[in-house]
Amino acid sequence: MEYVKLYSELLAAEIGGLLTCNEIERLIEKPKFLHQGDMAFPCFQLAKTMRKPPAAIAKDLSSRLQHQINGSFNRFEAAGGYINAFLNKANVVKELLNEILQKKNRYGDLDLGESQAVTIDLSSPNIAKPFSMGHLRSTVIGNSLSLIYEKCGYRTVKINHLGDWGTQFGKLITAYKLWGTEEKVKAEPIQELLALYIKFHEAAESQPQLEQEGRDWFRRLENGNTEALELWKWFKDESLKEFKKIYDLMGMEFDSYAGEAFYNDKMEPTVEMLREKGLLEDSDGAQVVNLDEYELPPCLIKKSDGATLYATRDLAAARYRFEEYSFVKSLYVVGNEQSLHFKQIKSVLAKMDFPWADGIIHVPFGMMLKDGKKMSTRKGKVVLLENVLQDSIKLAEKNIEDKNPSLANKTDIAVMVGTGAVVFHDLKNFRMNDIEFSLEDMLKVEGETGPYVQYTNARAQSLLRKGAFEAGSGEVNLAADREWAVLTELQAFPDTIKRAIEKNDPSQIAKYVLNLSQAFNKYYGEVKILEDDAEKNARLQLVHSVSIVLEEGLRLLGIKAPKEM
Ligand code: ARG
C-alpha cells in the first residue's frame with residue numbers, strides 16, 4: 001500500500017534509467033491543494049539532464065503515463081513542471097481499510113529485526129536517592145522504544161542498570177547506625193535515606209572522623225561483611241519497592257535489574273584485557289585509556305587507590321550484555337549530560353577491537369523544566385515522581401467526576417488518563433528538546449495531549465456502539481472524497497513507524513496520533529457518520545480502522561486507550 005513507491009515505479013519505467021526508483025521516491029511531493037491530486041513529481045531535475053524545459057517533460061510524461069490508469073490510478077495531469085497523480089479513491093479506500101481490518105493491531109508491523117536482540121538500558125535510578133525527572137524521561141522514552149523495536153520484529157531486553165554501588169553506601173550505613181531507625185526507613189524509604197545521607201555530610205563538617213568511618217564501612221561492604229551487606233541489600237529492596245510503584249502505574253516491567261553492583265566481580269577480566277592489549281596507561285598513578293585519536297579526554301579505568309569507576313562498570317556491562325544477549329544494537333536511554341561518558345565507552349570498546357562496539361548507541365534526551373528551571377528540587381524539598389503521577393491521576397479523577405460521573409471503572413480510567421497525560425507530554429516533543437512541566441496543560445482535552453487522543457478514540461468507540469457495528473461486516477464501498485484526509489493519515493502509519501525506529505524517536509508516533517485525531521475529529525464534525533444511507537457501514541469500518549490505529553499508536557507510546565471516558 002505504498003502509492004509513492006508505486007508511482008515512482010511507473011515513472012522509472014517511463015524515463016529509462018535517468019533516475020532510480022529511490023531517487024524518484026525522494027523527489028515526489030505531497031501537493032499543497034486537494035485539486036492538485038495526491039502526489040506530484042517535479043521534473044526540474046530531469047530538465048537539467050534532458051536539456052528540455054520541465055513543463056514540456058511533464059506534458060510528454062503525463063501522456064505516456066495514460067496507459068497506466070488502472071485499479072490504483074485515476075489520472076495523471078501535467079501542471080507546470082509537475083506531473084500530478086490522482087489516485088482511484090474508491091479502490092484505494094477498499095484496499096487500505098481491508099488491510100487494516102484484517103491485520104488489526106499488526107497493521108504497520110515491519111519485519112526489520114528478524115528476531116535479533118536489542119538491549120535497552122533505561123530508567124536506571126540510583127538506590128536510596130529520589131527517582132528524578134531524568135529517570136522518568138528515560139523510563140518513558142525507553143519503554144516506548146522497546147515497544148517500537150518489537151513492532152519492527154526485534155527481540156528487546158529491557159535492562160534497569162540500577163545505581164546500587166559506590167562509596168556513598170559506606171556513608172549511608174554509618175549514618176543509619178548513628179541516627180536511623182527501621183520504622184522510619186520502612187515508612188518512607190527514599191526520603192529517610194536521603195535525609196540520613198544529608199545529615200552525614202552536615203555532621204562530617206565538624207566531625208571529620210565520620211568520613212573515615214564511612215570509608216571503613218564501604219571497605220567492609222566490598223569485603224562481604226554480613227552486617228554491611230544486609231543493610232545495603234535492605235536499602236536496595238526498600239528503594240526498589242518505591243520505584244516499582246512508578247513502574248506499576250505505568251504498567252511496565254523490566255527483563256533485568258542487573259545494576260552496577262552486579263558487575264563487581266566482572267570488571268577484572270576487562271581491565272586485564274585492556275592491559276594485555278596495551279591500552280592502559282599510567283596517569284599520576286591512575287589507569288586510563290588514551291582517546292586522543294577520537295578527540296576525547298582519556299577514559300579513567302582505575303583510580304590510584306585501585307578503585308574502579310562508573311566507566312569501568314559500563315565497559316564490563318557492555319561485554320556482559322553482548323555475551324549474554326548477542327545484541328545487534330545496544331541502546332542507552334540516558335540524559336544528554338552523559339554524552340561524553342558514552343562516547344568514551346564506545347571508543348574504548350572500539351579500541352579493544354570489538355566489532356559490536358558499532359551497535360552501542362546513546363539515545364540522549366533534554367531536561368524537564370519547571371518555570372524554566374531544572375526540575376529536581378522544589379524549595380529544597382524533593383519532588384517525588386510518584387507524587388507527580390498521583391497528582392495527575394487525581395486531576396484526571398476530578399475531570400471525570402465533573403464531566404462523566406456515571407462512568408464505570410472510574411478509578412482505572414483515571415489511572416490510564418493521568419499517567420497517559422504525563423507520558424504523552426514527554427513523548428510529543430523530539431526527545432532532545434527541554435520540556436516545560438505543567439499538569440494542567442498535560443490534561444487538557446483540547447490541545448496536543450494524551451487525553452485528547454484517548455478521547456478521540458473513545459469517541460470512535462462510542463460511534464461503533466451506537467451504530468451497532470460488527471467487525472468484519474460487509475464490503476467497503478465509499479466514494480471517499482470526504483474521508484480522504486483521514487485515509488491519507490491511516491496510510492501513513494507504517495512509514496511513521498519506520499521513521500520512529502530510524503531516529504529512535506517516539507515523538508514521530510505521538511505527532512502521528514495527534515494528526516490522525518485531528519483529521520478524524522474534523523471528519524466527525526463535517527459528516528453524519530451514523531446517517532442511515534448506503535455508505536453507513538463503510539463509514540463505520542473507517543471509524544473502526546481509526547480506532548485500531550489510534551489504540552496501536554498509543555500502545556507504542558506506552559499509553560492505554562480506554563473505550564469510554
Ligand atoms: N544511574 C545513572 C544515573 O542516574 C544512570 C545509569 C545509566 N546507564 C548506564 N549504563 N550507565 O545517572
Side-chain angles (χ1 to χ4, degrees), residues 117-143 145-146 156-169 172 190 193-194 197 232 235-236 239-240 242-244 246-247 254-264 266-267 270 296 299-301 308-325 327 329-349 354 356-357 359-368 374-377 382-386 431 504:
V118 172
T119 58
I120 304 182
D121 186 307
L122 76 166
S123 200
S124 310
N126 301 320
I127 294 302
K129 293 254 180 73
F131 194 99
S132 73
M133 249 311 162
H135 297 122
L136 184 71
R137 295 213 64 194
S138 167
T139 311
V140 165
I141 297 168
N143 187 42
L145 286 177
S146 83
T156 68
V157 186
K158 284 185 278 178
I159 305 172
N160 197 334
H161 188 82
L162 295 171
D164 58 0
W165 202 254
T167 48
Q168 72 270 28
F169 289 99
L172 198 54
I190 306 281
L193 292 173
L194 183 69
Y197 191 64
W232 168 79
F235 296 156
K236 181 166 161 172
S239 307
L240 267 181
E242 288 291 293
F243 299 158
K244 279 193 174 143
I246 295 174
Y247 302 143
F254 295 87
D255 300 297
S256 161
Y257 277 93
E260 295 194 34
F262 180 76
Y263 299 99
N264 278 342
K266 297 180 180 59
M267 283 176 283
T270 300
L296 296 172
C299 182
L300 194 50
I301 305 292
T308 53
L309 292 112
Y310 184 53
T312 327
R313 284 165 207 286
D314 260 328
L315 291 171
R319 290 188 64 199
Y320 176 85
R321 287 173 193 178
F322 184 73
E323 271 150 37
E324 190 71 13
Y325 308 112
F327 58 72
K329 279 186 195 186
S330 183
L331 310 187
Y332 293 81
V333 186
V334 186
N336 198 15
E337 64 278 3
Q338 293 193 29
S339 284
L340 173 61
H341 168 75
F342 286 104
K343 277 188 200 143
Q344 290 178 308
I345 295 296
K346 186 168 172 148
S347 307
V348 172
L349 293 168
F354 290 121
W356 47 262
I360 302 262
I361 302 167
H362 177 212
V363 181
F365 52 81
M367 280 188 301
M368 186 72 86
K374 185 171 175 178
M375 189 188 174
S376 53
T377 52
V382 185
V383 186
L384 284 183
L385 255 299
E386 194 204 328
R431 56 185 157 72
N504 289 316

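The structure presented is a predicted model; accordingly, all values stated were derived computationally and were not measured. Remember, it's 1-based here, ligands and their atoms both numbered in the order they're listed.
- By the side-chain hydrogen bond (donor to acceptor under 3.5 Å, both in side chains) test, R321 is found to be paired with D121, H161, residues two or more places apart in sequence or in another chain being considered.
- A perpendicular orientation is assigned to the rings of Y320 and Y325, their planes being inclined by more than 60° (bins at 30° and 60°).
- With a 6.0 Å cutoff to the six-membered ring centre and a 45° limit on the axis angle, K129 counts as a cation-pi contact of Y197.
- If you check the side chains of S123 and Y247, you find a donor sitting under 3.5 Å from an acceptor.
- Enumerated by chain and number, the residues approaching ligand 1 to less than 4.0 Å through a heavy atom are D121, S124, N126, H135, H161, Y310, D314, Y332, V334, Q338, F342.
- In this structure, the side chain of W232 engages the main chain of D164 through a donor-acceptor pair within 3.5 Å.
- Put simply, CD1 on I159 and OG on S146 are 11.5 Å apart, with the number rounded to the nearest 0.5 Å.
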